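These notes concern the structure reproduced below.
Keep in mind the model is a prediction, meaning the values are calculated, not measured.
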Amino acid sequence: MKKFILLCFTIVSVFSFRCYSQQSKINAADKKYDGYAYIDAIKTYERVARKGYKSEDMFKKLGNAYYFNSEFEGAAKWYGELFAMNPSPEPEFYYRYAQSLKATGQTAQANKILDEFNSKYQNDNRGRLYKENLNYLDKIKANSGRYKIEDAGINSKYSDYSTFVANNKIYFASARDTGNFSNRKHKWTGEYFTNLYVTDVDSAKVKKFRTALNTKFHESSPVLTKDGKTIYFTRNNYIDGKKGKNEDKITFIKIYKATLENGKWTNIRELPFSSNNYSTAHPALSPDEKTLYFASDMPGSIGQSDLFKVSINEKGEYGTPQNLGKSINTEGKETFPYVSNENEIYFASDGHPGLGGLDVFVGQIDTDGNISDIQNVGTDVNSPKDDFAYIIDSGTREGYFSSNKDGGRGSDDIYKFLETRRLKCIQELYGLITDVQTGMILPEAKVSLYDRNLNLKNTTIADATGNYTFSVECAEKYYVRAEKPDYATKEVSIEIPDETGKTNLPIALESIKCKVTIGDDLGKCFGIKMIYFDLDKSNIREEAALDLEKILDVLNQNPKMKLDIRSHTDSRASHKYNEALSDRRAKSTIEWLITNGVDKNRLTGKGYGETQLVNECSDNVKCSEEKHQENRRSEFIITAL
């Protein structure tokens, strides 16, 4: 059904290719092609081509017939013939040709075609993604070597794919022959219709899902709710013994829902946003089961199939489907979504830069539902063929995916894996919020995380011990803002290392309400260590004026407060010189305050030179610049309140 579904999602493009040749064999092949009997169409077209007949339309159809069945070697051959006849076909053929070339190991030629594709069709998202990721093969290589992979042990010689694990059982779709002579093959793919099967985890004993869920047509992509009482799955437009068709007699696929009652699956109904005129497929539930993700080519789609989401309320009612947007959807196929407990969305795509065919990608869903940081999961899972239907247990890092890669038993096979190394570099940003003066912890401070462009990413409240934590991305720059009543808001930048781990960022807040008494240094309230003057001068510098404005404001708010302003120097230069210099500086500070409106009777001051050192850095003692700085200070001692 995987191939069948991919075909359904390309019906619109297929209809646009009509053949006007009058030759009977071409007409016969066209009839099979337009009926999506691709296996028979290939045989007829190739017989005609071998006789030397050339036609752009025929080469398009031959390429498509192989491409839609994931037979990329044949697709590359006939798309090559198409480009030989017409170097500038429609944009879709550039991309399909490039994908087919990659799938057959012709990466350099594929990239050349993609360069032409992006040059001619710059509005196509696939070309933009390729151009932005010219070193995509290096990135894929870096993401590889992270898995231990083995055959799941439940495969047949037919198509087996699309697993879901619930209650220690594996549910999956298979086209295996279990019905002897009653089996029916689908003319589009030449394979049997798929049904749902089940087996115990770590068991090779497979049983057909003997319920009303299976019909004589296709079923696949099962997903169960955590209580095991509801199942969503994909099926042909077929219910109650009736097959639905659109006006062109095409039967699309839909998502169905059933409930378990008295041990039987019943109440089988298509979801209300399904339609006879487009396909919906591959349901996936969010961890809280309030959102259903799925693939569709419904109106509003960007490409051949897009990923959508729809809300589910407490009554089980569905909202309006929303397209997940251009960050994840391309003009190609995005399909088989799966959302992990860590809000990662895994999906298959042939529109994002990959190895050919469908590749598995992963993106991160943020708190607003936006998807970012989309990456190819690497060559362990992905191959030049179709790789899809990836699911993972976030705790054990075990999971399954499906692929038609070389070496399998059937056209599609199910593989089991263990992820031994996380794809994403995982970083935790944490820190302690304290008072800058006392060192006291500050619980319940509001802490906000902003990205390098100052977009708000997350907000938290420091716990009872003053600690906060954020999950952050490696090798990114962030701004962390801490706020608390009676404290000045502070924002600090931080560069996160490009390695898994934790990054500590403590933040000390400055109180905007100082408790002072007679004898205290008012400057300490504002972290004023010294008033800056030009070297060997007593002129107050511009940056010093800001600190004096703070002192001025306090004096204006407290008209009875008096200050004794004391200026100190370090031990360098002579005692006499230092005493005179510090005295001039103390008087300059007093004059500045008086000039700005403070009564001179409220101010006294004196320069003490180097007579009141706060450390050992006296004459002839070798000290660092930092140590000397401790002695160069200004004090604003409160003498009256």
>> Test salt bridge (charged side-chain N to carboxylate O under 4.0 Å, His left out) on R452 and E476; report intermediate values, then the result.
In response: CA-CA 8 Å; R452 65 173 60 248; E476 282 293 328; 3.4 Å; yes
>> Please evaluate residues L271 and T280 with respect to the criterion side-chain contact (heavy atoms from CB on, under 4.5 Å), reporting the C-alpha separation (whole Å), side-chain torsions for both, the decisive distance (0.1 Å), and the verdict.
In response: CA-CA 9 Å; L271 297 191; T280 54; over 6 Å; no
> Using 4.0 Å as the upper bound for N to carboxylate O, is an ion pair formed by R422 and E342?
Replying inline: yes
> With no hydrogens and no angle check, do the side chains of Y346 and E344 hold a donor and an acceptor under 3.5 Å apart?
Replying inline: yes
> Are any of the side-chain nitrogens in K416 or E150 under 4.0 Å away from the carboxylate oxygens of its partner?
Replying inline: no
> Within the distance-only criterion (no hydrogens, no angle test), does the side chain of R481 pair as donor or acceptor with the backbone N or O of K446 below 3.5 angstrom?
Replying inline: no
>> For a 4.5 angstrom cut-off between non-hydrogen side-chain atoms, does P283 reach T234?
In response: yes
> CG of N341 to CG of D393: how many Å apart, nearest 0.5 Å?
Replying inline: 7.5 Å
> Which heavy atom of S448 sits nearest a heavy atom of L456, and at what distance?
Replying inline: CB-CD1, 4.0 Å
> Should the pair D547-K550 be classified as a salt bridge under the 4.0 Å nitrogen-to-oxygen rule?
Replying inline: yes
>> Tell me whether K290 at atom NZ has more than 12 heavy atoms from other residues, nucleotides or ligands lying less than 6.0 Å away.
In response: no
>> Which label fits F336 and H282: parallel for a plane angle under 30°, tilted from 30 to 60°, or perpendicular past 60°?
In response: parallel
> Is there a side-chain contact (heavy atoms from CB on, under 4.5 Å) between I255 and F233 once you walk through the steps?
Replying inline: CA-CA 6 Å; I255 298 174; F233 63 100; over 6 Å; no
> How many angstroms lie between OG1 in T367 and CG in N458, if you round to the nearest 0.5 Å?
Replying inline: 6.0 Å
> Should we count CG of N370 as having more than 12 external heavy atoms under 6.0 Å?
Replying inline: yes
> Could you go step by step and tell me if L307 and I371 meet the side-chain contact (heavy atoms from CB on, under 4.5 Å) rule?
Replying inline: CA-CA 11 Å; L307 298 182; I371 299 172; over 6 Å; no
>> Quick one, I507 and V480 - any side-chain contact, counting heavy atoms below 4.5 Å?
In response: yes
> Do you know the tightest heavy-atom contact between K457 and D451?
Replying inline: CG-N, 3.7 Å
> Atom CG of D486 and atom CG of L442: how far apart are they, to the nearest 0.5 Å?
Replying inline: 10.5 Å
> Between Y338 and A284, which heavy-atom pair has the shortest distance, and what is it?
Replying inline: CA-CB, 4.1 Å
> Does the side chain of F294 come within less than 4.5 Å of Y232's, by heavy atoms?
Replying inline: no
>> Within the 4.5 Å heavy-atom criterion, are Q304 and D297 side-chain neighbours or not?
In response: no
> Is there a donor-acceptor pair closer than 3.5 Å between any side-chain N or O of Q427 and the backbone N or O of E499?
Replying inline: yes
> Would you say the side chain of N382 lies within less than 4.5 Å of the side chain of I140, judging by non-hydrogen atoms?
Replying inline: no
> Without hydrogens or angle criteria, can the side chains of D386 and Y161 be said to hold a donor-acceptor pair below 3.5 Å?
Replying inline: no
> What distance separates D380 CG from L418 CG, expressed to the nearest 0.5 Å?
Replying inline: 11.5 Å
> Between Q109 and K112, do the side chains contain an N or O donor and an N or O acceptor separated by less than 3.5 Å?
Replying inline: no
> Counting N and O atoms only, with roles assigned by atom type, does the side chain of T225 sit under 3.5 Å from a partner on the main chain of T230, one being a donor and the other an acceptor?
Replying inline: yes
> Less than 6.0 Å separating the ring centroids of Y67 and F72?
Replying inline: yes
> Where the side chain of D520 meets the backbone of V516, is there a donor-acceptor pair that is under 3.5 Å apart?
Replying inline: no
> Under 30°, 30 to 60°, or over 60°: which ring-plane class applies to H352 and F347, parallel, tilted or perpendicular?
Replying inline: perpendicular
> Can you find a heavy atom in the side chain of E419 that is under 4.5 Å from one in the side chain of I392?
Replying inline: yes
>> Would the distance check show the side chain of N143 and the main-chain N or O of N376 forming a donor-acceptor pair, the cut-off being under 3.5 Å?
In response: yes
> So how far is it from S279 OG to K254 NZ, rounded to the nearest 0.5 Å?
Replying inline: 10.0 Å
>> Tell me whether D366 contacts the main-chain N or O of D368 through its side chain, where contact means a donor paired with an acceptor under 3.5 Å.
In response: yes
>> Under 3.5 Å, is there a donor on one side chain and an acceptor on the other for E334 and S349?
In response: yes
>> Could you check whether any side-chain N or O of K490 sits under 3.5 Å from a backbone N or O of E510, counting only pairs where one atom can act as donor and the other as acceptor?
In response: no
> Are side-chain N/O atoms of K405 and Y415 paired as donor and acceptor at under 3.5 Å?
Replying inline: no
>> Are more than 12 heavy atoms, taken from residues, nucleotides or ligands other than Q437, located less than 6.0 Å from that residue's CD atom?
In response: yes
> Any sub-3.5 Å donor-acceptor pair from T434's side-chain atoms to I441's backbone N or O?
Replying inline: no
> When you measure from the side chain of S100 to the backbone N and O of R96, does any donor-acceptor pair fall under 3.5 Å?
Replying inline: yes
>> Applying side-chain contact (heavy atoms from CB on, under 4.5 Å) to F164 and I231, what does each step give before you reach the verdict?
In response: CA-CA 11 Å; F164 185 81; I231 187 171; over 6 Å; no
> Is there a side-chain contact between F636 and L548, using heavy atoms and a 4.5 Å cut-off?
Replying inline: yes
> At their closest point, which heavy atom of Y94 faces which heavy atom of S88, and how far apart are they?
Replying inline: OH-CA, 3.3 Å
> With a 4.5 Å heavy-atom cut-off, do Y318 and K257 have their side chains touching?
Replying inline: yes
> Short question: side chain of S402, backbone of I414 - any donor-acceptor pair under 3.5 Å?
Replying inline: no
>> Rounded to the nearest 0.5 Å, what separates atom CG in L522 from atom CD1 in I551?
In response: 4.0 Å
> Can you name the nearest heavy-atom pair linking A166 to L224, along with the distance?
Replying inline: CB-CB, 4.4 Å
> Which class fits the ring pair Y147 and Y390: parallel under 30°, tilted 30 to 60°, perpendicular over 60°?
Replying inline: perpendicular
> Can you name the closest pair of heavy atoms from F117 and P91 and give their distance?
Replying inline: CE1-O, 3.4 Å
